[in-house]
Each structure stands twice: as C-alpha cells, then as structure tokens.
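Notes follow the structure.
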Amino acid sequence: MEQKQGELQMAVNPHQQTTDELRRAMGTLPELNVEDKDTKIHVGVSGITAELIDGPRNPYRTIVEVSTATWGDEAFSNKWDKISPENRFKIVKAALSGQTLPQAIEPVLFAFTIRGTSRSAFDQHARARLQTFFSQGCRDNSRLGAGFRLPSELAPENGGDPELYKDVLAHIANFKDLYQRILKTGWGSFQTARCLFPLGATHNYRFASNLGALKGFMAQRLKACEQADTCYTAICIWNEINDRFPLIADHLRPGCDWIKKCDYHQSSTLSELFSALFAGCGRWEDPVKYATFNKSCSSYEQMEKEGGKRIPGPTSWKNYTEYSQLEDSDKALFNEP
C-alpha cells in the first residue's frame with residue numbers, strides 16, 4: 001500500500017477492527033500517540049516506584065516444608081503442622097541465612113512493576129541472573145510521551161550549570177521533534193524511530209524473581225556504587241517486601257553490610273581494570289583511594305531526599321535471632337495452623 005506523506009499509515013480491514021477491539025479490551029493495542037511530545041523531566045530518582053504485583057501468601061510455610069523435605073518416613077507428611085511457631089522461625093532463619101541448601105528459598109516467587117526508571121537503569125537490572133523481564137516496548141509502541149530522567153548533578157537546583165541544563169533540554173526537545181517527524185511523515189515506524197531513543201528516557205517494566213535470585217540482586221544493587229536510579233529501584237523493591245515480610249527484607253542487604261566493609265574496589269583483584277571508576281560511597285570506609293571520578297557513584301541521602309524511601313543504615317538491621325523479636329505481621333504467618 002502506498003504511504004501518503006504526512007500521516008502514519010495503517011491498513012484497516014474488518015478482521016483488524018475486530019482484533020483491535022479485543023486488543024483494546026486487553027490493553028495490548030499499541031500506543032499510537034504521534035502528537036503529544038511533552039517531556040516530563042525527572043531529577044535524580046524522583047518518581048520511581050516499585051509495585052508488588054503478586055507474591056507468596058505465606059513464604060515461611062513453603063521454606064519450612066522444602067527445607068525439611070529430605071527427612072521422613074514413607075508417609076512423607078508435611079512438617080509445618082508438627083512444629084511450633086518458634087521452631088518454624090528457626091528453620092526459616094537458617095534458610096535465609098544460607099545455612100540450608102540454597103534451593104530452600106528459591107520456590108518463593110515475587111513479581112513487580114517498576115515505573116519511571118531510565119532505560120540505562122533497566123539495562124543494568126536486566127543483567128540479573130534467573131530473573132524474568134517484561135519490558136514496555138518501543139518497537140510496537142509510540143513512546144513519544146516518554147519522560148526523561150536527569151542525573152541530579154545536572155539540575156541547577158543541585159549546583160548544575162544553568163546553560164548546560166538549557167542545552168540538555170534542547171537536546172531532548174530535538175530528539176522528540178525528530179521522533180515525531182519520522183512517525184508523522186510516513187517514512188518510518190515505531191521500530192524506525194526508536195533508533196533515536198536516549199538512555200535517559202524513562203522506561204517501565206515488570207519482572208519476576210525467586211527469592212534466591214532477588215537476594216543476590218539486592219546485595220549488588222542496594223550498594224551506592226551504582227547509578228542512582230538503579231540503586232533506588234532496588235530500594236523501592238526492598239520497601240515493598242519489608243511492608244509485608246520484614247524478616248525476609250532483613251536478609252536483603254547491600255553486600256558490603258554482610259561483610260562489614262567496603263568491597264567496591266575489592267570485589268576482584270583487578271576491579272580497576274574493568275570498572276570501579278568512582279570512590280566508595282562512605283557506607284563503609286573505602287581503603288582504596290584510586291578513582292577516575294573522585295566522588296561516590298550515588299548518595300543514599302540524595303536518593304532519600306528525591307524519592308522519599310530508604311533502607312536501614314549499615315548497623316541498623318534488625319538481625320532477628322529470636323521468634324519474640326519478630327514484627328506482628330510475621331508472627332501472624334508463623335502462627336498459622
């Protein structure tokens with residue numbers, strides 16, 4: 001079909017109309033916006049959210065049953081009913097602390113919606129092993145209305161150069177103009193136009209993870225040696241879990257808190273040859289003074305100021321050792337018949 005200049009061409013037939021009605025009802029019809037190119041500028045980590053879509057009703061029951069599965073007679077009865085809440089806690093604590101087979105926490109599954117991160121932060125998260133990602137498309141979707149996440153240090157209110165800030169805004173506006181022209185002139189598609197997208201554009205996605213994989217992800221991404229919105233995404237996820245399962249959240253910590261020292265430059269003996277461009281964040285004293293950029297990659301204080309959420313300080317973790325120390329929400333789950 002010959003395309004006319006000045007409009008986005010799409011073949012329409014009765015079958016497509018019926019399909020489009022179904023897709024509209026399901027929410028899978030492409031976003032066809034080719035007009036509204038207003039760009040919301042998000043400074044630092046402001047506006048990033050994590051929403052728990054689904055998770056276990058009682059993860060502790062699952063952990064108890066799989067942790068004790070090796071033992072028993074031919075009847076192979078469930079163990080939860082035979083164990084006191086106090087002993088259920090001891091089994092779960094052992095599993096969360098890595099004192100059982102690692103598989104014991106892997107059947108505990110979570111699914112999240114992440115909104116408002118930059119595309120670069122999504123790319124960092126999508127490297128995580130054993131997690132599954134479902135990303136908002138820019139091949140089958142117009143993303144003309146996407147926002148832009150500006151690093152804190154470029155914002156004039158944080159000391160950034162006003163003239164440089166104006167140039168950045170002009171660059172974003174120019175990208176949107178070009179994207180819109182590709183769509184409206186009929187010379188290209190969403191797939192064609194996406195070649196222009198910057199890494200600072202906002203990007204929404206969903207992901208699913210078992211608890212074992214999530215624990216490893218949080219150990220790395222909760223450290224402030226990551227790009228701010230990468231780190232703050234993990235902080236938002238931590239808060240969602242902490243609201244429901246404080247005992248589990250207490251075992252999702254930055255890796256440096258587990259070893260009680262800064263390991264930014266020491267995670268491998270050759271770190272400086274591959275990355276480690278920044279100075280330690282100060283959560284724990286960094287013994288290595290080498291840094292390409294003599295500042296922290298991100299700041300817990302700045303992230304809390306911009307986004308409002310935080311994690312416990314390095315010496316403020318609960319470290320539950322007794323059942324009696326648990327929060328009421330966790331006690332209620334351990335007490336279930």
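- Scanning both residues, Phe217 and Ala234, for their nearest heavy atoms gives CE2-CB, 4.1 Å.
- Judged by the 6.0 Å and 45° rule, Lys215 forms a cation-pi pair with Trp258.
- A donor-acceptor contact under 3.5 angstrom links the side chains of Thr321 and Gln325, judged on distance only.
- Under the 3.5 Å distance criterion, the side-chain polar atoms of His251 are matched with a main-chain donor or acceptor of Leu247.
- Side-chain N or O atoms of Lys223 include none that pairs as donor or acceptor with a backbone N or O of Cys256 at under 3.5 Å.
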Query - Chi angles and distances behind the side chain to side chain contact (heavy atoms under 4.5 Å, CB included) call for Leu52, Ile241 - result: CA-CA 8 Å; Leu52 182 61; Ile241 294 177; 5.7 Å; no
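- The ring pair (Phe, Tyr, Trp, His ring centres under 6.0 Å) test applied to His203 returns Phe122, not counting sequence neighbours.
- Annotation: side chain of Phe190 is in contact with side chain of Ser142 (closest heavy-atom distance under 4.5 Å).
- Annotation: side chain of Ile237 is in contact with side chain of Met218 (closest heavy-atom distance under 4.5 Å).
- Note that the CD atom of Glu226 and the SG atom of Cys297 stand 6.5 Å from one another [nearest 0.5 Å].
- Note: the hydrophobic cluster containing Val64 does not contain Leu109 (ILVMFWY, side chain heavy atoms under 4.5 Å, direct or indirect links).
- Pairing each heavy atom of Leu183 with each of Asn33, the nearest pair is CD1-O, 4.3 Å.
- Ring planes of Tyr205 and Phe133: tilted class, angle from 30 to 60°.
- A perpendicular orientation is assigned to the rings of Trp317 and Trp238, their planes being inclined by more than 60° (bins at 30° and 60°).
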Query - Evaluation steps, side chain to side chain donor-acceptor pair (under 3.5 Å), between Glu327 and Ser329 - result: CA-CA 5 Å; Glu327 312 299 326; Ser329 58; over 6 Å; no
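- The aromatic rings of Phe334 and Phe89 sit perpendicular to each other, their planes meeting at more than 60°, with 30° as the lower class boundary.
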Query raised in the report: Do Ile63 and Thr100 pass the side chain to side chain contact (heavy atoms under 4.5 Å, CB included) test, and can you show the C-alpha distance, the side-chain angles, and the key distance before you say yes or no?
Result: CA-CA 10 Å; Ile63 293 173; Thr100 64; over 6 Å; no
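- Across every non-hydrogen atom of Ser77 and Lys82, the tightest pair is OG-NZ, 3.1 Å.
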Query raised in the report: How far apart are the C-alpha atoms of Gln180 and Glu35, what are their side-chain angles, what is the distance that settles it, and do they pass the side chain to side chain contact (heavy atoms under 4.5 Å, CB included) test?
Result: CA-CA 7 Å; Gln180 184 183 54; Glu35 296 296 341; 4.3 Å; yes
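- Taking the ring centre of Phe197 as origin, the terminal cationic atom of Arg119 falls outside the region bounded by 6.0 Å and 45° from the ring axis.
- Both Leu326 and Val108 are assigned to one and the same hydrophobic cluster, defined by single-linkage of ILVMFWY side chains at heavy-atom distances under 4.5 Å.
- With hydrophobic clusters built from ILVMFWY side chains whose heavy atoms lie under 4.5 angstrom apart, Leu222 does not share a cluster with Ile259.
- With no hydrogens or angles considered, no side-chain donor-acceptor pair links Ser189 and Gln191 at under 3.5 Å.
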Query - Verdict with reasoning, Arg143 to Glu31, per salt bridge (charged side-chain N to carboxylate O under 4.0 Å, His left out) - result: CA-CA 8 Å; Arg143 294 290 288 126; Glu31 168 55 55; over 6 Å; no
Report task. Decide side chain to side chain donor-acceptor pair (under 3.5 Å) for Gln124 and Arg127; before the verdict, give the C-alpha distance in whole Å, the side-chain angles of both, and the deciding distance to 0.1 Å. Result -> CA-CA 6 Å; Gln124 285 286 85; Arg127 296 177 181 179; 2.9 Å; yes
Requested in this report: For salt bridge (charged side-chain N to carboxylate O under 4.0 Å, His left out), just list the numbers for Glu240 and Arg244, CA-CA rounded to whole Å, side-chain angles, deciding distance to a tenth of an Å, and then say yes or no.
Outcome: CA-CA 7 Å; Glu240 281 289 282; Arg244 294 159 178 80; 3.7 Å; yes
Report task. Any chance you could lay out the side chain to side chain contact (heavy atoms under 4.5 Å, CB included) test for Asn158 and Val43, step after step, and finish with the verdict? Result -> CA-CA 10 Å; Asn158 294 325; Val43 175; 3.9 Å; yes
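- The nearest pair of heavy atoms linking Ala146 to Thr39 is O-CG2, 3.7 Å.
- Side-chain N or O atoms of Arg149 include one that pairs as donor or acceptor with a backbone N or O of Gly116 at under 3.5 Å.
- In this structure, Lys295 contributes its side chain and Phe278 its backbone to no donor-acceptor pair below 3.5 Å.
- A continuous path of hydrophobic side-chain contacts links Leu196 to Leu144 [ILVMFWY only; heavy atoms under 4.5 Å].
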